[in-house]
Amino acid sequence: QVQLVESGGGLVQAGGSLRLSCAASGRTFSGYVMAWFRQAPGKEREFVAAISGTGGNTYYADSVKGRFTISRDNAKNTMYLQMNSLKAADTAVYYCARRMATGYGSTYSDTNYDYWGQGTQVTVSS
């Protein structure tokens, strides 16, 4: 059974930074695409960023490109999301997720991820 545990959320002023972490259990962490999604109150969950198993390829939503950086440390079974220049619109619960092993479908769609963390709240005050 895979477990994903997020941490690092909190309250920050607009323009500030936060670093989220996602710790994964299991020995095959490096073999999977991992991603961050977020869900704001009253809105659907949306893609934020994803990273390939080796870390060589990264993908970002247009809304965070240039401000957020996704990375991973396979030796530590941990993924990160460095968030800079935060805006009030970034306020949401952030979830990490592991993509299905089949690899079919879009990396940007949450329907192609089978394991999820419990989420960590990020609140940006304006």
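Basis for what follows: all heavy atoms, side chains included, without hydrogens, waters or symmetry-related copies.
Using modelled atom types, no side-chain atom of N112 and backbone atom of R99 make a donor-acceptor pair closer than 3.5 Å. Looking only at distances, no side-chain donor or acceptor of Q39 sits under 3.5 Å from a matching main-chain atom of A92.
Partners of A88 by side chain to side chain contact (heavy atoms under 4.5 Å, CB included), not counting sequence neighbours, listed by chain and number: S126. Judged as a ring pair (Phe, Tyr, Trp, His ring centres under 6.0 Å), and not counting sequence neighbours, the contacts of F37 are F47, Y113, W116. By the side-chain hydrogen bond (donor to acceptor under 3.5 Å, both in side chains) test, K43 pairs with no residue at all, sequence neighbours left out. In this view, Q3 and S25 satisfy the side chain to side chain contact (heavy atoms under 4.5 Å, CB included) rule, not counting sequence neighbours. For F68, the side chain to side chain contact (heavy atoms under 4.5 Å, CB included) partners are R38, V48, V64, L81, M83, L86, D90, Y94, not counting sequence neighbours. T123 meets the side-chain hydrogen bond (donor to acceptor under 3.5 Å, both in side chains) test with Q121; sequence neighbours excluded.
Screening residues 37-66 for disulfide bond (SG atoms under 2.5 Å apart) gives no qualifying pairs among residues at least two apart or on separate chains. Pairs of residues two or more places apart, or lying in two chains, that qualify as disulfide bond (SG atoms under 2.5 Å apart) and include a residue from residues 63-110 are C22-C96. The side-chain hydrogen bond (donor to acceptor under 3.5 Å, both in side chains) analysis of residues 7-22, with sequence neighbours excluded, yields the pairs S17-N84. Residue pairs that meet the side-chain hydrogen bond (donor to acceptor under 3.5 Å, both in side chains) test with at least one member in residues 49-60, sequence neighbours left out, do not exist here. Evaluation of the salt bridge (charged side-chain N to carboxylate O under 4.0 Å, His left out) test over residues 54-65, restricted to residues two or more places apart or in two chains, returns D62-K65. Listed by first then second residue, pairs satisfying disulfide bond (SG atoms under 2.5 Å apart) with a partner in residues 56-85 number zero, not counting sequence neighbours.
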Test log, rule side chain to side chain contact (heavy atoms under 4.5 Å, CB included), inputs D73 and Y80: CA-CA 8 Å; D73 184 339; Y80 306 97; 4.1 Å; yes
Begin with the C-alpha distance, continue with both residues' side-chain angles, and end with the deciding distance and a verdict on side chain to side chain contact (heavy atoms under 4.5 Å, CB included) for V122 and L20. CA-CA 9 Å; V122 171; L20 305 184; 4.0 Å; yes
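The hydrophobic clustering, which links ILVMFWY residues whose side-chain heavy atoms are closer than 4.5 Å, places I70 and V5 apart. F29 and V33 fall into different hydrophobic clusters, where Ile, Leu, Val, Met, Phe, Trp and Tyr side chains are chained together by heavy-atom contacts under 4.5 Å. When hydrophobic clusters are built by joining Ile, Leu, Val, Met, Phe, Trp and Tyr residues whose side-chain heavy atoms come closer than 4.5 Å, directly or via intermediates, M34 is grouped together with Y115. The hydrophobic cluster containing I51 also contains W36, counting ILVMFWY residues as joined when their side-chain heavy atoms lie under 4.5 angstrom apart, directly or transitively.
Summarising the geometry of T107 relative to A50, their closest heavy-atom pair is CG2-CB, 3.5 Å, with the distance given to 0.1 Å. Shortest non-hydrogen contact noted between N74 and S30 is ND2-CB, 3.3 Å. Here the closest non-hydrogen pair linking D110 and R45 is OD2-NE, 3.2 Å. For the pair A40 and T91, the tightest heavy-atom approach, listed with the atom from each and the gap, is CB-O, 3.6 Å.
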